[in-house]
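For reference, positions follow the sequence shown, starting with 1. Small disclaimer: the values here were computed from a predicted structure and weren't measured. Remember, it's 1-based here, ligands and their atoms both numbered in the order they're listed.
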Amino acid sequence: MILPKANRLTPEQLAEVTAIVSEFGCQIQPIAGAMRTIYAIVGDERDDLMINRLEGLDYVDRIDRIQSPFKLMDRRSDLARGKLIIGGVTLGEELFVIAGQCTIDPKNPTLFYETAAAVKEAGAHVIRGGVWKPRTNPYSFQGDNKSLDILMEASRRTGLPVDTEVMDEEQLQLALDAGVTVLQVGARNALNYSLLRAIGRAIGDRPEVSVLLKRSVHMGPLNEFISAAEYIAAFGNPNIMLCPRGTTPTLDGYRNHPDESATPLLKEKTWAAVVVDPSHSVGKAAYVPAASLAAVAYGADGLCIESHVDPQHGIGDDPKQSITPETLAKVIKQGRAIWDLRRT
Ligand code: PEP
Ligand code: MN
């Protein structure tokens with residue numbers, strides 16, 4: 001990793017370092033943080049000769065040689081100095097909340113607009129709404145491109161950014177073209193390295209876009225989770241939130257095994273914001289408030305909660321696990337109190 005003395009390299013300096021590393025079979029990938037741009041050396045960067053030549057350049061502050069499988073996501077990386085700002089919130093400075101329906105019903109846009117307005121009123125900063133859904137059964141509702149228009153209309157009406165899951169490159173492109181701010185990578189695709197790479201490539205130079213990366217139920221050691229994030233960051237966009245969302249084996253009665261206790265461990269290893277999804281962790285509306293508050297107590301920067309004005313008339317996960325906006329407002333209020341207590 002090349003850390004320049006100035007905020008970024010000039011085009012001539014970039015050309016010079018690119019020429020040096022290419023002699024050693026490497027390439028340069030700029031990573032634009034909020035404060036300054038740093039330059040990842042992609043390839044085998046262990047050659048001392050290459051490092052010596054780079055260190056000799058008068059515009060280079062230092063070369064970071066972090067020995068980590070995730071050198072960008074590592075706490076010790078220069079990216080740790082960056083800030084992630086979404087929907088007017090600087091992650092880490094106040095409790096950040098993404099909320100909204102699991103699934104948008106394309107036949108009932110009004111319901112989604114009502115949900116969007118109500119979760120905003122409850123205190124959410126980003127509206128979530130599933131346009132395309134990963135369903136176990138191929139005959140279950142799979143989502144609908146029309147819902148993307150509904151999602152964006154809700155964004156216009158509320159003035160809030162929106163979050164939706166993308167499962168392939170076509171959906172990724174549609175979501176980006178429409179103006180989706182938070183791209184969600186679901187638990188099923190968090191190990192889909194082609195998709196992670198495609199997302200990284202597509203948003204490498206789109207600093208207004210962020211990614212909410214769920215933890216796959218098939219991920220064991222947290223390094224696997226962080227390395228998945230590294231795939232995205234490696235193409236230049238460090239706006240990544242890690243999202244524990246429950247894992248297996250399950251606890252009797254819960255949909256998954258709540259894994260919000262991963263938060264302090266993730267924070268020891270990486271600088272990334274942790275935004276916990278209590279809804280899929282427990283899978284039942286009645287348990288979501290406690291799981292949300294536990295997540296804040298464990299040190300989460302934010303929560304991603306399924307909420308619906310009329311869960312019984314929702315689709316996807318909404319009838320079972322969405323909480324009402326009234327309950328959401330209470331959870332946010334209590335979550336903020338725990339946030340404040342964390343500081344005492
Ligand atoms: C969702 O957010 O609705 C969803 C499908 O989540 P996960 O990928 O965590 O199962
Ligand atoms: Mn869901």
Side-chain angles (χ1 to χ4, degrees), residues 97-106 111-112 115-116 119 124 126-138 140-144 147-148 150-151 162-168 171-172 175 180-192 195-196 199 210-219 224-225 228-229 232 240-250 254-260 262-263 266 274-285 287-288 291-292 295 300 302-308 311-324 328:
V97 179
I98 301 175
Q101 292 176 195
C102 169
T103 307
I104 299 171
D105 181 353
L111 216 43
F112 190 69
T115 293
V119 300
V126 174
I127 312 277
R128 65 156 284 157
V131 172
W132 304 285
K133 296 307 297 180
R135 303 305 298 274
T136 310
N137 189 314
S140 301
F141 176 70
Q142 305 285 311
D144 192 320
S147 299
L148 187 57
I150 300 170
L151 181 67
V162 287
D163 156 281
T164 204
E165 176 171 355
V166 293
M167 293 178 289
D168 58 40
Q171 295 169 0
L172 166 64
V180 170
T181 303
V182 181
L183 299 168
Q184 189 172 306
V185 178
R188 291 157 191 79
N189 273 302
L191 287 164
N192 178 345
L195 179 67
L196 298 175
I199 291 177
S210 305
V211 177
L212 181 73
L213 176 67
K214 300 266 194 122
R215 178 163 178 239
S216 163
V217 290
H218 301 295
M219 283 172 176
E224 283 183 43
F225 189 19
I232 300 168
I240 297 169
M241 295 167 274
L242 299 175
C243 181
R245 48 75 75 201
T247 185
T248 55
T250 59
Y254 291 155
R255 180 174 177 183
N256 288 296
H257 185 99
D259 59 349
E260 67 274 347
T263 304
L266 289 168
V274 178
V275 174
V276 171
D277 171 350
S279 303
H280 293 84
S281 296
V282 295
K284 199 167 168 191
Y287 308 134
V288 169
S292 305
L303 298 168
C304 175
I305 302 180
E306 289 186 343
S307 178
H308 195 296
Q312 287 315 307
H313 289 99
I315 55 175
D317 295 329
D318 286 316
K320 259 192 301 196
Q321 69 190 32
S322 263
I323 58 174
T324 62
L328 177 69

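Between His313 and Leu111, the shortest heavy-atom contact is O-CD2, 3.8 Å. Minimum heavy-atom separation, Val185 to Leu196: CG1-CD2, 4.0 Å. Taking each heavy atom of Ile104 and Gln101 in turn, the nearest pair found is CA-NE2, 4.0 Å. Closest approach of Asp318 and Thr103 over heavy atoms only: OD2-N, 3.2 Å. The two residues Ala228 and Ala190 have their closest heavy-atom pair at CB-O, 3.6 Å. Minimum interatomic distance between Cys304 and Ser279 (heavy atoms only, all atoms of both residues): O-OG, 4.2 Å.
The shortest distance between side-chain heavy atoms of Thr115 and Ser322 does not fall below 4.5 Å.
A heavy-atom cutoff of 4.0 Å around ligand 1 is satisfied by the protein residues Cys102, Arg128, Lys133, Pro134, Glu165, Gln184, Gly186, Ala187, Arg188, Lys214, Arg245, His280, Glu306.
Under 3.5 Å, the side chains of Asp317 and His280 contain a donor-acceptor pair of N or O atoms.
Within the model, atoms SG of Cys102 and CD1 of Ile305 stand 14.0 Å from one another, a figure rounded to the nearest 0.5 Å.
For the Mn ion (ligand 2), protein N, O or S atoms closer than 2.8 Å were enumerated as Cys102 SG, His280 NE2, Glu306 OE2, Asp317 OD2, with waters left out.
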